[in-house]
Amino acid sequence: MASKKKEKEAEEEEVWEVWDALPHYTIRTPIEMSHTMIQSVLEALETAWQAQANPQGEVDFDAKGQQIVSDMRKALEEKYEPTWQVVCGRNYGSSITYQSNHFLYFANNKEKLQFLVFKNV
């Protein structure tokens, strides 16, 4: 009985991997998106983030966050067709339905933000 409990706890434990190309991002495993698509998501975030940065390179996420996720969504829909959803925040939960192999949950460790990116069914 204790063995089954330990197995269940291990399944529920979140495992995060550092994304080698951009080490300030960690991605929750198991990963349900191709590496090419992950790179596109992270590039869309980097582009959107830089577009909202002030001259010192800082971003007020509370004021500019909605525009950042909107820009990410538009970039993904241009590249991979609609309908994508991008959720970002510091503390939230979710229960969603998504298209197989089009789901990514990752963290920007510099900004202490989590992103949920998925394509609707």
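- Following chains of ILVMFWY side-chain contacts shorter than 4.5 Å, one cannot reach Leu22 starting from Tyr105, and the two form parts of different hydrophobic clusters.
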Checklist entry - Can Gln85 and Tyr98 be said to form a side-chain contact (heavy atoms from CB on, under 4.5 Å), step by step? => result CA-CA 10 Å; Gln85 303 299 321; Tyr98 59 92; over 6 Å; no
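- Between Pro82 and Glu77, the shortest heavy-atom distance links the atoms CA-CG, 3.8 Å.
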Item to check | Steps toward side-chain contact (heavy atoms from CB on, under 4.5 Å) verdict (His102, Trp84) | outcome: CA-CA 9 Å; His102 290 79; Trp84 286 86; 3.8 Å; yes
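- Cluster membership for Phe106 and Phe103, using ILVMFWY side-chain heavy atoms within less than 4.5 angstrom, is not shared.
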Next on the checklist: Between Glu17 and Ile31, is the side-chain contact (heavy atoms from CB on, under 4.5 Å) condition met? List the steps.
Outcome noted: CA-CA 10 Å; Glu17 289 182 9; Ile31 297 171; 4.1 Å; yes
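- Residues Trp16 and Phe118 are members of one and the same hydrophobic cluster, defined by side-chain heavy-atom contacts under 4.5 angstrom among Ile, Leu, Val, Met, Phe, Trp and Tyr.
- Judged as a side-chain contact (heavy atoms from CB on, under 4.5 Å), and not counting sequence neighbours, Asn101 has no contacts.
- Atom CD of Gln66 is separated from atom CZ of Phe61 by 9.5 Å, given to the nearest 0.5 angstrom.
- Residue Gln99 holds its CD atom at 12.0 Å from CD of Glu32, rounded to the nearest 0.5 Å.
- Of all non-hydrogen atoms in Val69 and Cys88, the two that sit nearest each other are CG1-CB, 3.7 Å.
- No path of Ile, Leu, Val, Met, Phe, Trp and Tyr side chains, each step under 4.5 Å between heavy atoms, connects Met37 with Leu116, placing them in separate hydrophobic clusters.
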Next on the checklist: Run Asp71 and Thr47 through side-chain contact (heavy atoms from CB on, under 4.5 Å) and show every step you take.
Outcome noted: CA-CA 9 Å; Asp71 291 349; Thr47 300; over 6 Å; no
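- Interatomic distance, Glu81 CD to Leu76 CG, rounded to the nearest 0.5 Å: 12.5 Å.
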Throw together a table of side-chain donor-acceptor distances under 3.5 angstrom for residues 39-46, partners on residues two or more places apart or in other chains.
from, atom 1, to, atom 2, distance (Å)
Gln39, OE1, Trp19, NE1, 3.1
Ser40, OG, Thr36, O, 3.2
Ser40, OG, Lys79, NZ, 3.1
Ser40, OG, Tyr80, OH, 2.9
Glu46, OE2, His24, NE2, 3.2
Glu46, OE2, Tyr25, OH, 2.5

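- Under a 3.5 Å cut-off, the side chain of Gln52 and the backbone N or O of Gly65 do not form any donor-acceptor pair.
- Using a 4.0 Å cut-off between charged nitrogen and carboxylate oxygen, Arg90 and Asp62 count as a salt-bridge pair.
- No donor-acceptor pair under 3.5 Å is formed between the side chain of Thr83 and the backbone N or O of Asn120.
- Side-chain heavy atoms closer than 4.5 Å link hydrophobic residues (I, L, V, M, F, W, Y) into clusters, and following such links, even through other members, never connects Val87 to Met72.
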